[in-house]
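See below for the structure under consideration.
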2 protein chains.
Amino acid sequence: MTKVTIRDVAAAAGVSVATVSRALRGLPSVAPATREKVETVARELRYVPDPYASNLSSATNDTIIVAIPFTGQWYYAQLVSSVEAVATAAGYDMRLHVAGDDDQRRHLLEVVLPQARRVDGVILVDIPIDQGEVHQLTERGLHLVAVGQHVDGIVTVRIDNYGAAFEATTHLVDLGHRRIGLIGGMPDGRTELSIPGERENGYIAALESAGIPVDEELIVNGNFSIAGGCDTARQLLALDEPPTALFAISDEMAAGAMQAARELGLAVPGDLAIVGFDDHEFAGAMGLSTVRQPVAEQGEAAMQALLDAADGQPWGEDRILEHELVARITTDERNGS
Amino acid sequence: MTKVTIRDVAAAAGVSVATVSRALRGLPSVAPATREKVETVARELRYVPDPYASNLSSATNDTIIVAIPFTGQWYYAQLVSSVEAVATAAGYDMRLHVAGDDDQRRHLLEVVLPQARRVDGVILVDIPIDQGEVHQLTERGLHLVAVGQHVDGIVTVRIDNYGAAFEATTHLVDLGHRRIGLIGGMPDGRTELSIPGERENGYIAALESAGIPVDEELIVNGNFSIAGGCDTARQLLALDEPPTALFAISDEMAAGAMQAARELGLAVPGDLAIVGFDDHEFAGAMGLSTVRQPVAEQGEAAMQALLDAADGQPWGEDRILEHELVARITTDERNGS
DNA sequence: CTGTTAGCGCGTTCAA
DNA sequence: TTGAACGCGCTAACAG
């Protein structure tokens with residue numbers, strides 16, 4: 001790695017390093033001829049500033065951290081990828097941090113972030129945080145944005161999980177179902193996510209507003225995985241009075257439920273209707289009815305909110321994006337197969 | 001962001017900054033008592049070294065770049081995630097670079113990487129690179145590792161794509177199929193990936209070794225997407241003499257094919273058998289027969305190869321990992337539905 | 001074993 | 001408009 005430094009450029013251009021620095025960053029007070037000379041030389045020498053050195057001396061950082069609970073899941077991958085696009089376009093570096101269980105969460109919020117150097121913003125995706133922690137971090141000058149679940153005191157980008165679950169359940173009710181199972185619950189190792197609860201409340205409210213009694217037996221925990229969805233669906237379908245429809249609060253779990261139905265020889269939607277949540281890229285191919293949430297838009301909005309905050313704009317209300325019920329084959333009444 | 005520097009620690013501990021640096025990094029020549037004192041003070045002050053400053057002065061970097069053609073795809077997300085785990089454990093920072101089309105690829109290889117500062121290794125995932133470019137980069141001191149497709153002169157981690165495709169096709173032949181369509185081709189905007197060709201060759205060889213003539217009409221380009229798989233499957237099934245089985249060289253395309261079959265009212269595997277490639281997380285739930293390739297292992301092996309290279313070990317042969325045919329419902333002869 | 005002296009490569013004062 | 005000097009926070013070389 002031969003390295004061409006700002007000094008080499010200065011020498012070759014016959015000016016001082018300060019002038020090179022100014023010229024290359026487009027600062028005003030540089031004679032046009034000088035600037036052009038410097039730019040030419042820099043290009044010839046293939047000079048690129050060392051970001052470490054430059055950040056070190058300028059005390060700016062232009063780096064943000066995105067914290068997610070899990071890696072490898074479609075939803076988080078999409079989200080991160082959309083944040084990254086906006087961040088890169090704005091000249092920011094993005095770093096990823098995974099904080100799944102409560103220990104990791106605490107470590108992130110109380111060790112990594114408070115001590116983080118060269119970081120000016122954090123996007124917390126489905127990461128619970130209490131007011132004391134919020135205070136500690138904002139006082140340190142960190143800008144915070146939450147995605148997914150609401151956090152008091154900081155900008156939150158999310159959808160209406162309650163309303164979306166209400167619509168999904170009502171869709172099943174409208175098809176005539178009265179025994180509707182809910183595959184909900186927390187991902188493994190988590191206990192304090194609010195999103196599953198919000199969706200469960202939407203489910204319950206929809207049943208109540210349709211005059212259908214809520215049966216606790218029909219509410220199970222599928223831990224947000226395909227395998228979990230499969231297991232819990234099997235369990236629900238083994239009940240004395242099994243459900244005729246299932247609402248899974250993630251498409252992974254819905255896919256698992258479809259697998260369980262197939263293994264049990266049940267026709268979907270003939271014997272069992274299924275609705276998922278997210279509109280995973282595979283949902284269309286599987287014919288899975290689901291609630292679409294705008295994943296990339298949430299990532300973009302979150303990064304934009306961070307940029308606004310860094311720009312000195314005060315935080316406003318939660319930014320609530322639109323969801324949409326997408327009815328496909330797994331709830332198609334004309335399709336009995 | 002109040003910042004506590006090494007000087008604060010030195011002052012509080014009553015020693016010099018050099019001693020603090022040595023003590024905290026576990027270097028040998030430090031008195032046990034001094035070390036303990038320094039460590040205590042550092043902990044109380046919540047001191048963490050600034051990585052930028054430390055890299056700047058040590059001229060080490062401990063950063064690698066992973067280059068992938070696309071973002072958001074399951075295969076690449078898994079791979080990156082597994083590289084990241086090994087990199088983090090080894091104390092390396094990982095940066096991600098997306099180089100999809102040929103312009104981006106050229107920009108990466110001829111601008112970003114040659115000029116990259118503070119980077120000591122690159123993992124190229126399905127990124128073609130010619131010998132001149134390899135030379136230019138290795139001469140600059142960069143360690144290179146390829147994943148997916150073979151590259152002359154550098155360590156490559158991959159599977160036997162030819163053999164895997166041969167097995168998948170033979171599986172269909174063994175089930176009695178003689179008209180077998182291939183959904184292959186390049187992802188949108190790419191022209192020089194070798195993997196699709198290798199799999200296509202495996203397909204052709206399997207047919208020939210079974211004495212089945214190769215029909216060019218049955219070989220189509222699904223550009224590695226769900227939508228592409230759906231479109232091309234529709235196209236194949238509309239032929240005068242349509243195939244009774246399809247081999248798609250990615251699970252996404254296979255899923256698209258399943259969707260097309262359903263829309264056309266064809267039973268799978270009764271009317272149409274389907275085999276995919278990758279063993280995507282959704283393949284099990286869909287009952288899709290496929291070729292499993294060890295995704296995470298490839299990422300781990302690649303990062304390990306990079307560490308070995310940084311350690312001065314010479315590159316050896318290609319590291320070829322095992323694949324495995326996973327027969328599920330879409331090729332189950334007992335299942336006519 | 002420890003402290004002092006030099007930088008790493010850059011941005012940012014000040015004078016000039 | 002330009003340049004010299006200083007400092008960012010840390011590690012490396014040398015003394016002692």
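Chain letters run A, B, ... following the sequence lines, proteins first and then strands; every chain starts at 1.
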May I ask you to decide if the ring planes of Tyr52(B) and Tyr52(A) are parallel, tilted or perpendicular, using 30° and 60° as cut-offs?
parallel
Once rounded to the nearest 0.5 Å, what's the spacing between atom CD1 of Ile159(A) and atom CD of Gln298(A)?
6.0 Å
Nearest-angstrom distance from the residue atom CG of Leu27(B) to P of dT2(C):
12 Å
Can you name the side chain to side chain donor-acceptor pair (under 3.5 Å) partners of Asp93(B), sequence neighbours left out?
none
If you check the Ser16(A) side chain, which of dT2(D), dG3(D), dA12(D) turns out closest?
dG3(D)
Specify the separation, in whole Å, of atom CG of Leu56(A) and atom P of dC8(C).
13 Å
Testing dT11(D), dG3(D), dC10(C) for proximity to the side chain of Thr19(A), the answer is dG3(D)
Of dT4(C), dT2(D), dG11(C), the nucleotide closest to the side chain of Ser57(A) is dG11(C)
Dot-bracket for DNA chain D: what is it, with Watson-Crick or G-U pairs under 3.5 Å, [ ] where a pair crosses earlier ones, and | for a pair to another strand?
|||||||||||.||||
From CD1 of Ile6(B) across to P of dG3(C) the rounded distance in Å is 12 Å
Ala18(B) has its side chain closest, among dG3(C), dT2(C), dG3(D), to dG3(C)
Among the nucleotides dT2(D), dG9(C), dT11(D), which one has an atom lying closest to any side-chain atom of Val17(B)?
dT11(D)
Quiz question: by atom type and distance under 3.5 Å, do the side chains of Glu84(A) and Thr88(A) form a donor-acceptor pair?
yes
Measure from the side chain of Pro49(B), starting at C-beta and using heavy atoms only, and say which of dC10(D), dG3(D), dT2(C) lies closest.
dC10(D)
Under 3.5 Å donor-acceptor, Ser21(A) side chain and Val17(A) backbone:
no
Could you check which of dT11(D), dG3(C), dT12(C) has an atom nearest any side-chain atom of Ser21(B)?
dT11(D)
N or O in side chain of Arg25(A) less than 4.0 angstrom from dC10(C) OP1/OP2
no
Could you tell me whether Asp102(A) and Arg105(A) have a side-chain N and a carboxylate O separated by less than 4.0 Å?
yes
Those residues at least two apart in sequence (or on a different chain) that pass ring-ring contact (aromatic ring centres under 6.0 Å, His included) with Phe224(B) are none
Any side-chain N or O of Arg22(A) less than 4.0 Å from the OP1 or OP2 oxygen of dT12(C)?
no
